[in-house]
Amino acid sequence: MPAAPDFPQAPDRAPIRRALISVSDKTGLIEAAKVLAAHGVELVSTGGTRAALAAAGLAVKDISDLTGFPEMMDGRVKTLHPIVHGGLLGVRDAPDHAKAMADHGIGGIDLVYVNLYPFEQTVAGGADFETAVENIDIGGPAMIRSAAKNHGYVCVCTELADVEEVLEDLKTQGTTGLELRKRLAARAYARTAAYDAAISTWFAKQLGDEAPRRRAFAGTLVQTMRYGENPHQSASFYREENPRIGVATARQLQGKALSYNNIADTDAAIELVAEFAGHDRAAVAIIKHANPCGVALGADLKTAYERALQCDPVSAFGGIVAVNQRLTAEAAREIVKVFTEVVVAPGADDEAIAMFARRKDLRLLITGGMPDPLSTGDLFKQVAGGFLVQSRDNSHLTAADLKIVTQRQPTQAEVADMLFAFTIAKHVKSNAIVFAKDGQTAGIGAGQMNRRDSARIAAIRAAEAAETAGLPQSLAQGSACASEAFFPFADGLIQAAEAGATAVIQPGGSIRDAEVIAAADAAGVTMAFTGVRVFRH
């Protein structure tokens with residue numbers, strides 16, 4: 001391990017005499033360069049950036065004039081040179097460094113502004129392998145890392161906002177402060193780390209390597225929060241470089257900032273209702289603590305919301321509502337009757353927006369689209385000392401996937417109810433039991449330590465919902481019951497049948513499947529095996 005040299009202490013304030021600028025995204029470039037030039041800063045640049053600066057009438061030196069070497073190898077080699085990196089890494093007040101710089105004609109570079117080749121955007125655009133490789137920046141990250149290491153003297157900027165902070169410091173002080181240079185260095189290393197993470201992740205996927213030896217992921221800060229799950233926990237929200245449509249991409253039209261729990265619940269709501277993206281019927285999901293308390297289909301959003309609310313109106317208070325269609329005023333009028341934390345929709349009518357605007361505590365999010373429930377992707381979960389990675393559950397069942405294992409065959413309506421219930425169960429914390437009928441959840445039991453208790457809770461919810469609605473019998477009567485994992489014993493199925501279910505859907509695969517099938521036959525219940533488990537911790 002290299003020992004730290006006995007360098008002089010870095011100055012609190014440092015001048016900027018020379019700036020090296022090489023940017024892919026040229027937004028705000030000319031304006032920033034003009035301010036630097038007005039402060040007497042010499043501009044050095046490369047390729048298209050130099051041409052843009054010159055075209056704006058700015059005096060700018062080409063990097064080859066600095067190094068004495070031409071740009072070569074299709075631009076792969078232009079800044080990888082001792083004149084450049086010596087100018088970045090030289091500790092100005094260290095006698096040996098100063099002598100080396102003088103002996104070899106190396107002038108100091110006091111500011112680097114580099115935003116990298118757009119690798120992430122190139123890959124997101126579906127570029128082929130060779131094009132993606134050509135958009136891997138080499139010289140840029142090298143300069144960023146050199147400048148960041150020598151932050152005692154050098155400012156390093158990787159985006160326009162960084163440059164604007166430097167310009168403000170120059171405007172007020174004429175020099176840059178050490179604390180600012182340290183903050184910029186920390187951001188710079190985070191940027192190159194995120195860039196390398198994107199490249200390594202892409203490369204592993206190109207090779208079909210689902211478990212690379214090292215794994216990295218990164219995000220960009222969206223917001224800091226007042227607290228996390230509880231007031232004594234700190235929290236912040238980060239967005240991936242190419243995020244999946246959802247809470248990270250949604251536009252908030254009104255209301256206070258989302259909390260940690262709001263974001264987690266809203267994500268659960270969007271992912272559930274996305275199962276019905278493009279469906280010919282409206283779909284509404286009401287979420288509470290990351291679990292659905294009511295989901296329903298309807299001819300329109302108002303009807304779908306009323307049906308979803310009927311399942312568990314008590315739990316819906318303070319919940320999250322997600323819809324699969326453009327939000328209408330009729331639906332909004334019903335939603336505002338119940339205190340709701342967040343409403344998320346692909347779009348909203350002006351009248352609906354105006355109606356929500358009168359509810360200052362309600363947040364309205366517009367996604368502009370729906371995430372694809374069939375798309376692939378990775379999910380991460382941190383554990384002590386590491387993190388787990390798994391592929392996204394993009395399973396999707398059709399009637400053809402069902403294996404009927406009982407004597408009685410299901411009706412078409414029962415098949416539709418089973419598929420709907422199993423889709424909802426996929427989004428309920430395990431152990432999960434869902435009763436559903438005619439595109440409406442009747443009762444949901446979530447997160448219990450045994451499946452029988454989940455069935456009991458779902459049955460209680462269905463009975464209470466009917467009582468609240470003034471109906472003569474439980475919503476579970478004539479319903480389909482979904483279990484997201486197999487019934488290890490017959491008791492859970494018996495509980496479902498006693499609640500009124502006439503059809504059961506479950507993965508199957510228990511050593512006691514025969515007992516469960518026999519119990520279903522004895523109860524006159526039809527049962528389908530999926531062969532697919534959708535367990536959710």
Side-chain angles (χ1 to χ4, degrees), residues 295 311 393 395-466 473-537:
V295 185
C311 179
D393 183 357
S395 59
H396 177 73
L397 296 180
T398 66
D401 298 313
L402 304 184
K403 178 184 178 182
I404 308 304
V405 295
T406 50
Q407 296 172 8
R408 185 170 79 78
Q409 296 295 303
T411 65
Q412 287 187 341
E414 285 175 324
V415 169
D417 287 343
M418 286 192 289
L419 291 172
F420 178 79
F422 198 74
T423 298
I424 306 308
K426 174 183 170 184
H427 295 267
V428 179
K429 299 291 186 179
S430 301
N431 289 313
I433 294 291
V434 175
F435 292 114
K437 184 179 180 181
D438 298 333
Q440 176 191 29
T441 54
I444 300 172
Q448 299 306 300
M449 285 65 74
N450 68 73
R451 201 158 298 281
R452 184 190 62 181
D453 284 353
S454 291
R456 285 174 172 170
I457 291 171
I460 291 170
R461 292 283 183 270
E464 288 180 343
Q473 61 182 10
S474 167
L475 294 185
Q477 286 295 321
S479 69
C481 172
S483 174
E484 94 295 12
F486 63 63
F487 283 105
F489 303 98
D491 55 0
L493 181 136
I494 293 170
Q495 179 70 52
E498 290 176 349
T502 61
V504 170
I505 181 171
Q506 59 140 319
S510 168
I511 60 174
R512 293 184 175 86
D513 275 350
E515 295 177 22
V516 178
I517 293 170
D521 285 333
V525 170
T526 184
M527 184 162 63
F529 281 3
T530 66
V532 175
R533 188 182 77 177
V534 288
F535 209 73
R536 178 173 292 235
H537 272 287

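Just so you know, residue 1 is the first one in the sequence shown, and it goes up from there. Bear in mind that the values here come from a model prediction, so they are computed numbers and not experimental data.
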Under the side-chain contact (heavy atoms from CB on, under 4.5 Å) criterion, do D453 and M449 qualify, and how do the steps go? CA-CA 8 Å; D453 284 353; M449 285 65 74; over 6 Å; no

Judged by atom type as modelled, is there a donor-acceptor pair below 3.5 Å linking the side chain of R408 to the main-chain atoms of T502? yes

Flag for Q506-T530: side-chain donor and acceptor within less than 3.5 Å: no

Quick one: CD1 on I433 to CD1 on I457, what's the gap to the nearest 0.5 Å? 10.5 Å

I would like to know whether V525 and T406 meet side-chain contact (heavy atoms from CB on, under 4.5 Å); could you show each step before the answer? CA-CA 8 Å; V525 170; T406 50; over 6 Å; no

S483 (side chain) donor-acceptor with A485 (main chain) under 3.5 angstrom: yes

Salt bridge R451-E484, side-chain N to carboxylate O under 4.0 Å: yes

Rounded to the nearest 0.5 Å, what's the gap from CG on N431 to CZ on F487? Could you check? 10.0 Å

Atom NE2 of H396 and atom NZ of K426: how far apart are they, to the nearest 0.5 Å? 8.5 Å

Taking everything shown except Q409 itself, do over 12 heavy atoms lie less than 6.0 Å from its CD? yes

What are the two closest non-hydrogen atoms of G443 and C311, and how far apart are they? N-SG, 3.9 Å

L402 side chain reached by L419 side chain, heavy atoms, under 4.5 Å: yes

Non-hydrogen atoms of I505 and F422 that approach each other most closely: CD1-CB, 3.8 Å

To the nearest 0.5 Å, how far apart are CG in D521 and CD in Q407? 4.0 Å

Quick check against the 3.5 Å criterion: does Q448 have a side-chain atom that pairs as donor or acceptor with the backbone of A446? yes

Check C481 against A496 and note the closest heavy-atom contact, atom names and distance. SG-CB, 3.7 Å

Closest non-hydrogen atom pair, R536 against V428: CB-O, 3.8 Å

If you look at every heavy atom in D417 and D438, which pair is closest and at what distance? OD1-N, 2.8 Å

Min side-chain heavy-atom separation F420-V295 under 4.5 Å: yes

I'd like to know if the side chain of D513 and the backbone of G509 have a donor-acceptor N/O pair within less than 3.5 Å. yes

So, taking the atom named CZ in R512 and the one named CD1 in I517, what distance separates them when rounded to the nearest 0.5 Å? 14.0 Å

How many angstroms lie between atom CZ of R461 and atom OG1 of T441, to the nearest 0.5 angstrom? 12.0 Å

Any donor and acceptor pair, going by atom type alone, linking the side chain of T411 with main-chain N or O of E414 inside 3.5 Å? yes

Smallest separation among heavy atoms of A463 and S474, with atom names: N-OG, 3.6 Å

